[in-house]
Amino acid sequence: MNLPFVINLPTCLLNSVKMKILKFGGTSVGSAERMKNLVGLIAGDAPRIVVLSAMSGTTNNLLEIANALYQKDNDKASSLIGALEKKYNTVLTELYSTAASLEKGKELVKNHFEFLRSFTLDMFTANEEKAILAQGELLSTAMVHFYLEEINIDSVFLPALNFMRIDENEEPDMVFIEENLKAELKNYPGKKLFITQGYICRNAFGEIDNLKRGGSDYTATLIGAALSCEEIQIWTDIDGMHNNDPRIVDKTFPVTEMSFDEAAELAYFGAKILHPTCVLPAQKRKVPVRLLNTMQPLAKGTVITDKAPTDRITAVAAKDDIIAINIKSGRMLLAYGFLRSVFEVFERYKTPIDMITTSEVAVSLTIDNAKNLDAIVKELQEFCTVSAEKDKSIICIVGSFTAEKQGYAFRIFDALKNIPIKMISYGGSEHNVSVLVDTKDKKAALMSLNKGLFNL
Ligand code: ADP
Ligand code: ASP
Ligand code: MG
């Protein structure tokens, strides 16, 4: 697994806090009813920071608005903004019972939508797009905060833009986050309940930025790690990490316990329930992560810790939009240093490699970032024959294959016997066997693995 982020947590700042982090995703704040429902889930004696996503659909809507503005289609942008504003105004009337709260909510929505409308008149760049994308989380957190106020639950509104920051490499700036979050919290001695935004942050230039799609999970684990807190809870619309992708395969089941390594592999290789790199901060500080279902709060869910049952196949996941790059060169035969020159090209273009296999005169590898593909291929062609193939998927079989490894390869490849396989990666990690297939064969591969590995 190739990790795009390096998280550097200085041990001198380690200072365990008995605090819980509770993150609620888009569906969990997706309607007035769901927002009201949060009250029962966030109750408790221990201090807690509640991290909220935007209401489901909002970030996509904001992206559509930004795209219309990029295309200078102001009419389309205005009509999308109008439709979204209408939706928010309806939610307000369902959420609040008092005239005072409704008034505050209306003022809030009016301000955020005036901000959105201001862009229809101005120049539009990536910075403005990021400011637009931040509005969903800013709205949902303020709406929930006002609701808690209305029902007399004391909570502190903690602006994520004051402490959540990425550095010039777009990696979380852990020192900044830890210092500034702790400083913020110090302003509220005795307070127990904090509400903050997931996903949004500032970048190294102080501009509004974000932690990429699905990034609220990452906010939660970064906060949990920064405070070395007791537990991070990710509340979503499903009862934990399932053994297979429930969007693609019918019969799946929740895995009750898994290790950080297993969860990190699954998240990175396509299990959408977790942001691709969000497990790493929690793993670094050994903070347990619990995946829970807002619709079934009593369901066990999944607990992710540094311990997990060994000698088992835990789950499978798939990651799309993979490009396979096949490299051939006579110079590789009996030579050393060849792979280094290949890797240097990818390094120059900051493009992580996921899978790699080699033979005597060839090396095949995969990337998921096509941004610099042409330039990479051109540079590689200076010293080898190169071809690139798109529309591939990595199927990742994750387990704790730490005991005797006998039999796993047989079971996996027996299950996949009817699927054309382009590449295989086995043995690189004790937790992961990956195969590359054409995306058109992904569904069949996941279904076959469900049958062959889990008898489903
Ligand atoms: P949220 O908005 O709460 O962050 P997401 O939509 O990002 O929720 O993640 C939850 C979804 O992840 C589930 O509804 C499910 O469809 C999808 N998913 C994909 N793979 C898995 C898996 N292995 N286990 C559980 N859910 C998964
Ligand atoms: N709202 C953001 C998104 O839709 C972040 C998140 O929900 O985690 O990607
Ligand atoms: Mg998510």
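Counting starts at 1 for both ligands and their atoms, following the listed order. Source: prediction; values computed, not measured.
- Polar contact with ligand 2: present for Ser216 (N/O pair, distance under 3.5 Å).
- Within the listing of ligand 1, atoms 13 (C), 25 (C), 26 (N) sit less than 4.0 angstrom from a heavy atom of Ile238.
- For Ala271, no nitrogen or oxygen atom sits less than 3.5 Å from a nitrogen or oxygen atom of ligand 1, counting backbone and side chain alike.
- Taking a cut-off of under 4.0 Å to the non-hydrogen atoms of Thr59, the atoms of ligand 2 that pass are 1 (N), 2 (C), 3 (C), 4 (O).
- Between the side chains of His112 and Gln135, at least one donor-acceptor pair of N or O atoms lies under 3.5 Å.
- Atoms of ligand 2 found under 4.0 Å from any heavy atom of Arg213, numbered from 1 in the order shown, are 3 (C), 4 (O), 9 (O).
- In the model, Thr27 has no side-chain atom that pairs as donor or acceptor with a side-chain atom of Ser56 under 3.5 Å.
- Look at Asp209 and Arg202 and you find no salt bridge, because none of the NZ, NE, NH1 or NH2 atoms lies under 4.0 Å from a carboxylate O.
- Nearest protein heavy-atom neighbour of atom 15 (C) of ligand 1: Pro246 CG, 3.9 Å.
- Ligand 1 places these atoms under 4.0 Å from at least one heavy atom of Gly240: 24 (N), 25 (C).
- Looking at Tyr88 and Thr58, their side chains do bring a donor and an acceptor atom within 3.5 Å of each other.
- Looking at Glu170 and Lys212, a side-chain N of the basic residue comes within less than 4.0 Å of a carboxylate O on the acidic one, giving a salt bridge.
- Side-chain N or O atoms of Thr302 include one that pairs as donor or acceptor with a backbone N or O of Val255 at under 3.5 Å.
- A salt bridge is defined here as a Lys NZ or Arg NE, NH1 or NH2 lying under 4.0 Å from an Asp or Glu carboxylate O, and Arg117 with Glu85 meets this definition.
- Among all non-hydrogen protein atoms, the one lying nearest atom 2 (O) of ligand 1 is Gly26 N, 3.1 Å.
- Look at Gly136 and you'll find every heavy atom at least 4.0 Å from all atoms of ligand 2.
- The closest approach between a heavy atom of Ala317 and any atom of ligand 1 is not below 4.0 Å.
- In the model, Ser28 has a side-chain atom that pairs as donor or acceptor with a side-chain atom of Thr294 under 3.5 Å.
- Taking the side chain as every heavy atom from C-beta outward, Arg165 and Cys201 never approach each other to under 4.5 Å.
- For Asn244, the heavy-atom gap to ligand 1 drops under 4.0 angstrom.
- Side chain of Thr252 to backbone of Pro246: no donor-acceptor contact under 3.5 angstrom is found.
- Listed by atom number, the atoms of ligand 1 under 4.0 Å from Asp237 heavy atoms are 10 (C), 11 (C), 13 (C), 14 (O).
- Residue contact annotation: Glu137 has a non-hydrogen atom under 4.0 Å from ligand 2.
- In terms of protein heavy-atom proximity, atom 12 (O) of ligand 1 is closest to Ile273 N, 3.4 Å.
- Here Met55 has no heavy atoms under 4.0 Å from ligand 1, in either its backbone or its side chain.
- Polar contact with ligand 2: present for Ser53 (N/O pair, distance under 3.5 Å).
- Looking from atom 16 (O) of ligand 1 to the surrounding protein, the closest heavy atom is Arg247 CG, 3.2 Å.
- Not a single heavy atom of His275 sits closer than 4.0 Å to an atom of ligand 1.
- The aromatic rings of Trp235 and Phe24 lie parallel to each other, with less than 30° between the two planes, well short of the 60° mark.
- Where the criterion is an N or O separation shorter than 3.5 Å, residue side chain and backbone included, Thr236 meets it with respect to ligand 1.
- When only interatomic distances are considered, the shortest N/O to N/O separation between Gly214 and ligand 2 falls below 3.5 Å.
- Which of Lys23, His242, Arg213 comes nearest to atom 4 (O) of ligand 1 through a heavy atom is settled by distance: it is Lys23.
- In summary, Glu262 and Arg312 engage in a salt bridge, as defined by a charged side-chain N under 4.0 Å from a carboxylate O.
- For ligand 1, the atoms sitting less than 4.0 Å from at least one non-hydrogen atom of Asp245 are 19 (C), 20 (N), numbered in the order shown with element in parentheses.
- Atom CG of Asp250 has 12 or fewer neighbouring heavy atoms from other residues, nucleotides or ligands inside a 6.0 Å radius.
- Atoms of ligand 1 found under 4.0 Å from any heavy atom of Lys272, numbered from 1 in the order shown, are 5 (P), 6 (O), 7 (O), 9 (O), 12 (O), 19 (C), 20 (N).
- A cation-pi arrangement is found for Lys319 relative to Tyr268, the charged atom lying closer than 6.0 Å to the ring centre and inside a 45° cone about the ring normal.
- Put simply, no part of Ser56 is less than 4.0 Å from ligand 1, judged by heavy atoms.
- Other residues, nucleotides and ligands contribute at most 12 non-hydrogen atoms within 6.0 Å of the CG atom of Asp321.
- Under a 4.0 angstrom heavy-atom cut-off, Gly215 registers as being in contact with ligand 2.
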